[in-house]
Amino acid sequence: MSTETQPHPPSVEQVLAAARGLVADGTSHAALLDVARSVVDAERERLAAGGESRTAEMLGDEASIRLAGLTAPRLATAINATGVIIHTNLGRAPWPTAAIEAAVAAAGEYLLLELDRDSGRRGARFREAEDHLIALTGAEDALVTNNNAAAVALAVGLAGRGGGVIVGRGELVEIGGGVRIPEIIRRAGAKLIEVGTTNRTRAADFEPALTEGRARLVLRVHPSNFRQEGFTETPDPSALADLAHSHGAIVVDDLGSGALLPTERYGLAHEPTPTERLAAGADLVTFSGDKLVGGPQAGLIVGRAELIARIRRDPLARAMRPDKVTLAAVGATLALYRAGRAEAEIPVWRMIAATPEALRERASAIAARVDDRAEVVATEATVGGGSLPGETLPSFGVALAGRSADRLLTTLRRGSPSVIGRIEGGRVILDLRTVDPGLDAELAAAILAAVGAAVGGAAVGP
Ligand SMILES: *Cc1c(COP(=O)(O)O)cnc(C)c1O
């Protein structure tokens, strides 16, 4: 084609006219004009590169599709077949249905967030979640923040500007994402006082700073994402609390995961509970809403009423407070514990409680659909999310043979839905413990698509 005869694209006005009837009622002229212009610009470039000319109707169509695409759901939901239940990169805990429903209702409607039903006056901010926490842990009061890092920062802030915060050297951890306890203390305006050694710290190590009046707060941090073995020692919580209190210092216990059900019931090591740490003398205990609690991202603080009242008055507490949607969803999640339905209805606990036999049956059913390229294998799942390091749950999964494991893993991840697995012994392993049984058919279909197996006449899932 000669360049002299290069056609012009249709005008922006023509494209606008063609698109107008195709877009949702109420679409603003400015938004439509914006896409029409960019479609015409792209068309001009395409023609310059020797492309075939297209009609104004075709371009109007394209403009309307682009506009609709802007509001199409973009969330890349995934099937977590990693065997890591609380997977940080996959959004930690999937919410229980009750929390999702509470969040939807709170999002779309007005609610009595800070209005007292009886007096009609401004009241305390929606307290449902906090009331559940008090009932569940026996604490005097409770407070919900955006996340546990915020909860720790607010609690440490009680030491005051320049106030000393003592931490055992074995607990000066990095939580993940580069967040480190010493930095949180520094940013809270307090002064870190390190005591003890990496592997061994005793209550006596805390004594000098307390006796000399240099410390106002003792911070204990659950070493949630690593485990020390061998020649180790940590102070007994009660002994340390007694010592701190005798010198007028506050004890804050950052539990990280904060289990509200006994982990040992599921064959896991005992994970300290907020109740037991309060009983051992902690003045405040902080934990996450989206780790073992199994609900939305939040920080949960329980403990002495007078200290929680001081935190509420901290201007930073305002900057770290959750919105109505989170408050409603946290409240609905905690309500399941009080109603005795946590194991049955909170996905994280359902996954922890699933029996290996049930997982093996599901793995067999999926493998049967994928033919001889899939094999049922025994696996080890973990709780993840920086909980119970080194602890595993016996599980079952599907091992996939065939092409390069790396390529297959990538194909599964890029598929729709995205399936996230792991490689072990040169094979892709998809662990069933972290897959909701309702997604098994979808998982089988995704595997079939990825291994490129012929589906034949058999229907594969809904
Ligand atoms: C995960 C964790 C935190 C941070 O909690 P977020 O809810 O992620 O902010 C703090 N401390 C410990 C010990 C943790 O395990």
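Just so you know, these numbers come straight off a predicted model, no measurement behind them. No hydrogens, no waters, no symmetry mates; every other heavy atom, side chains included, goes into these values. For ligands, and for the atoms within them, numbers begin at 1 and follow the listed sequence.
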Close N or O approach (R92, ligand 1; < 3.5 Å): yes
Enumerated ligand 1 atoms positioned under 4.0 Å from heavy atoms of K291: 1 (C), 2 (C), 3 (C), 14 (C), 15 (O)
Proximal atoms of ligand 1 relative to G256 (non-hydrogen, under 4.0 Å): 12 (C), 13 (C), 14 (C), 15 (O)
R362 side chain reached by P437 side chain, heavy atoms, under 4.5 Å: yes
Charged N-O contact under 4.0 Å between E183 and R187: no
Pair R321 + E130: basic N to acidic O under 4.0 Å: no
Residue from V377, L408, L400 passing side chain to side chain contact (heavy atoms under 4.5 Å, CB included) with R427: V377
Side chain S38, main chain V35, donor-acceptor under 3.5 Å: yes
Per-atom contacts, ligand 1 versus S288 - under 4.0 Å to a heavy atom: 5 (O), 6 (P), 7 (O)
Ligand 1 versus I175: contacting region, heavy-atom distance under 4.0 Å: side chain
Where ligand 1 meets A149 - atom numbers and elements under 4.0 angstrom, heavy-atom basis: 4 (C), 5 (O), 6 (P), 9 (O)
Close approach, V152 and ligand 1, non-hydrogen under 4.0 angstrom: no
Stacked cation flag R433 on F396, 6.0 angstrom / 45 deg: no
Atom indices of ligand 1 within 4.0 angstrom of H222 heavy atoms, with elements: 13 (C)
Heavy-atom nearest neighbour in the protein, as seen from atom 11 (N) of ligand 1, with distance rounded to 0.1 Å: D254 OD2, 2.6 Å
Lys/Arg-Asp/Glu bridge criterion (N-O < 4.0 Å) met for D205, R169: no
